[in-house]
Amino acid sequence: MSDFQLRRTMLYVPGNMPSMLQNIPIFESDGVMIDLEDAVPLSEKDAARILVRNFLQNYREHNKEILVRINALDTKWGEDDLRTVLPALPDGIRLPKADTPEIVETLDTMLTEFEEELGLPIGRFKILPSIESAEGVINCIKTARSSKRLIGLAFGAEDYTASLEIERTKRGEELFAARTRVVWACKAAGIQAIDTIFADAGDMDGLRRETELIKTLGFSGKSLVNPRQIDVVHEVFAPKQADVDYALEVIEAIQKARQMGTGVISLGGKMIDAPVVKRAVRTLKTAQAHGLIDIQLDEEVIYGQE
Amino acid sequence: MVRNSLGRSIPESFNGQRLTPYQDPFSYSPQGTHASRALRRFNPGQSKLLGSLREAIEAADLRDGMCIATHHHLRNGDALLGAVVRELDALGLRDITIASSSIHPVHAELIPYIQKGVISGFECGVNGQIGELASKGELNCPIVVRTHGGRARSIISGQVQVDAAFIAAPTCDCYGNMNGSQGPSACGSLGYAHTDALYAKKVIAVTDNLVPYPATPISIPQTLVDFVVPVESLGDPGKIVSTTTRITRDPVGLQIAKYAAQVIEASGLLQDGFSFQTGSGGISLAVADQVRRKMQQQKIKGSFGCGGITGYFVDMLEEGLFQTLFDVQCFDLNAVESIAKNAGHLEISADMYANPFNAGAVVNQLDCVILGATEVDVNFNVNVNTESNGLLLHNTGGHSDTAAGAKLSIITAPSIRGRLPIVRDELTTVTTPGETIDVIITERGIAVNDQHRELKNELLRRKLPVKEIQQLQEEIYSVTGRPRPLEFTDEVVALIEYRDGTIIDAVRKIKT
């Protein structure tokens with residue numbers, strides 16, 4: 001839990017548009033994914049990666065997580081993308097078309113080589129692979145364990161539905177099985193599950209419904225196509241006041257328990273033990289990120305000393 | 001040349017008038033009494049109806065060197081000012097001063113008449129091409145830019161004497177009772193025309209909707225009106241009011257609006273009795289929308305909204321979030337419809353709205369106003385008149401009036417506009433003194449004037465991105481670079497008059 005990082009909102013920003021890149025610092029998303037892949041026309045691939053590198057070099061004090069979506073490694077641009085942007089130190093790479101664990105392993109090896117070349121600690125660059133085809137969904141359980149660099153798996157419904165030769169709907173029944181499998185893969189591997197984009201930037205009600213659905217399924221966030229979508233997703237993910245109050249009671253109870261030298265205590269007739277505490281801590285950290293509470297969480301008190 | 005207290009270089013006189021340099025927002029006191037005009041007598045059976053604008057000009061005895069006024073409620077749809085000036089020209093009149101409440105881009109049609117000598121000066125601010133050409137030195141035509149409150153003051157005090165006011169009356173009867181809420185050219189409030197009706201030497205109602213006596217409701221009464229002229233059309237209804245004014249969809253604008261609403265909440269002013277003004281721009285409306293939601297959630301009953309009124313404020317009135325709307329000007333169709341039907345939606349004059357030299361204007365009761373800027377400096381001074389190309393393109397409106405009156409005046413503006421930074425070392429023009437500006441909000445951070453330490457601490461406590469304005473400036477410069485200063489000649493083409501009549505800045509001809 002110590003590396004708790006909210007990834008409710010991962011905003012795509014086209015890598016070839018200076019006017020949008022310059023606004024990256026001001027948006028309140030948890031992360032941005034600067035896109036060198038689908039958003040950039042073939043004729044601008046070179047220019048975009050140089051632009052992104054220059055932008056990142058001027059934006060050293062990131063106030064959010066910065067990933068770069070490179071072109072797939074089997075294209076002629078993927079490696080050049082890495083070579084150009086990695087020296088400008090993004091936090092990680094969003095890897096498209098991660099259909100097999102081997103694709104992630106290949107990137108992992110390349111990142112290690114770049115880290116050695118740049119004199120960086122091994123493992124500095126994170127990976128967020130896109131699961132966006134039938135094959136990717138089938139393999140995602142192994143993919144989720146394919147590299148220590150993984151921060152999560154990102155489900156990509158547009159390419160996925162294309163690979164199934166079906167239409168994507170706003171209700172999303174066609175995505176249910178795939179989404180569930182991606183969540184299983186992530187939870188089992190202890191990484192985050194990031195849901196697909198909601199393409200209609202004008203339909204806030206539709207976005208809210210979809211976000212409520214994917215939160216229920218176990219996703220910890222979504223990829224976004226428009227900054228206007230940020231607030232809605234944050235609102236959906238914001239803990240309810242009653243949940244926050246209960247979590248605070250849980251922490252108080254467990255702190256009392258620790259003082260008494262035990263790891264279990266009863267609160268309002270219910271047993272409070274490790275999984276309950278874990279959930280409470282997650283609620284409070286989320287609440288803190290939403291600015292709902294302002295408290296210090298002392299991990300040692302909560303989890304006990306070793 | 002003298003320097004005023006903001007260090008701006010002011011000529012000692014302009015267009016034959018001696019000038020008083022700006023000192024501070026609140027201490028300059030008026031001298032003298034109200035302006036007056038001759039008493040009149042209208043006997044039973046005497047008609048006020050005239051057949052044409054030409055007959056009205058002759059009946060008003062307009063001569064060379066005199067001054068006329070219109071109001072700007074018809075905005076960019078106004079056809080009256082152009083029609084009057086064409087008649088003045090046809091009658092061979094020259095050297096006429098225009099003291100309208102504002103000039104819009106549509107009035108670029110006056111340019112040939114300025115060149116011809118029919119018009120020799122503007123006792124009012126200008127939007128659009130006239131200011132642009134004046135800034136380039138291509139029009140020999142001095143301009144005095146005034147705030148809405150300052151214009152009312154200048155007429156009431158007699159500083160500006162209007163010989164004939166031509167009041168576009170969307171509905172009028174033969175005896176001069178008029179309102180703006182009915183008729184094909186309905187514009188809602190006639191707030192800017194009230195002062196003209198009270199003080200102009202001759203008052204001419206011009207209408208495209210002559211109705212049987214009495215026209216009701218009465219906005220400006222028969223007792224003030226000398227002549228009534230029916231015309232075919234007052235203007236283009238499509239350009240008089242917008243059918244809709246919309247919240248911005250630009251993510252940068254929405255971010256700014258979100259901060260602004262959070263600042264208002266943190267200020268402690270958002271409680272029962274809250275009073276509020278915003279403009280009709282996309283960011284302003286987004287702020288209004290956010291404030292409205294907060295008021296709904298927290299069940300706050302506000303007291304009044306004022307200034308130019310939009311459909312958003314009408315909704316807030318109808319939802320019970322405001323008790324009253326004080327309306328000098330309707331910005332959209334919803335506002336026009338509302339002023340005709342809602343008892344709480346009141347038409348007020350520019351005098352009542354914002355004049356600093358009466359027994360207290362509405363702006364003095366205002367809690368919070370959201371304002372724009374073309375540039376700000378590190379002392380919180382604001383420019384809304386000139387653009388970064390040095391051209392005089394915008395009128396002041398109620399900017400300085402509301403900034404001086406409101407407890408919390410907030411500037412919202414994108415940090416970068418057209419690749420240029422909003423926070424400058426030196427402003428092209430000072431419109432509103434920094435002493436009356438409390439907070440500047442951009443998408444890159446919030447700067448709080450030093451006089452509000454408590455607010456600043458509260459914003460910091462709420463983890464809002466508060467920055468020193470110098471720090472904000474440096475951050476923006478790191479993206480845009482430092483702009484090269486503009487070059488001007490010494491020739492003064494326009495004055496920026498502060499609301500009290502002192503001179504806050506002068507606009508000079510640009511070097512080309």
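These figures come from a predicted structure and were not determined experimentally. Residue numbers start from 1 in every chain, and the chains themselves are labelled A, B, ... in the order their sequence lines are given, proteins ahead of strands.
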Open item on the list: If the test is side chain to side chain contact (heavy atoms under 4.5 Å, CB included), which one of B/V479, B/V252, B/D250 qualifies with A/N23?
Closed with: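 Exactly one option meets the side chain to side chain contact (heavy atoms under 4.5 Å, CB included) with A/N23, and it is B/V252.
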
More than 12 heavy atoms of other residues, nucleotides or ligands under 6.0 Å from [atom1] of [X]: yes or no?
X	atom1	result
B/R462	CZ	yes
A/E252	CD	no
B/K301	NZ	no

dist A/I230:CD1 -> B/L254:CG (nearest 0.5 Å) comes out at 10.5 Å

Taken to the nearest 0.5 Å, the spacing of B/S415 OG from A/Q22 CD works out to 7.0 Å

Okay, B/R249 and chain A: the region with an atom under 4.5 Å from a heavy atom over there is both

Note to self: Counting C-beta onward and ignoring hydrogens, is there a side-chain heavy-atom pair between A/D231 and B/K258 closer than 4.5 Å?
What the structure shows: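 Yes - at least one pair of side-chain heavy atoms lies under 4.5 Å apart.
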
Just to be sure I understand the criterion: a residue of residues 436-461 of chain B counts if one of its heavy atoms is under 4.5 Å from a heavy atom of chain A. Which ones qualify?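 Only B/E443, B/R444 of residues 436-461 of chain B have a heavy atom under 4.5 Å from chain A.
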
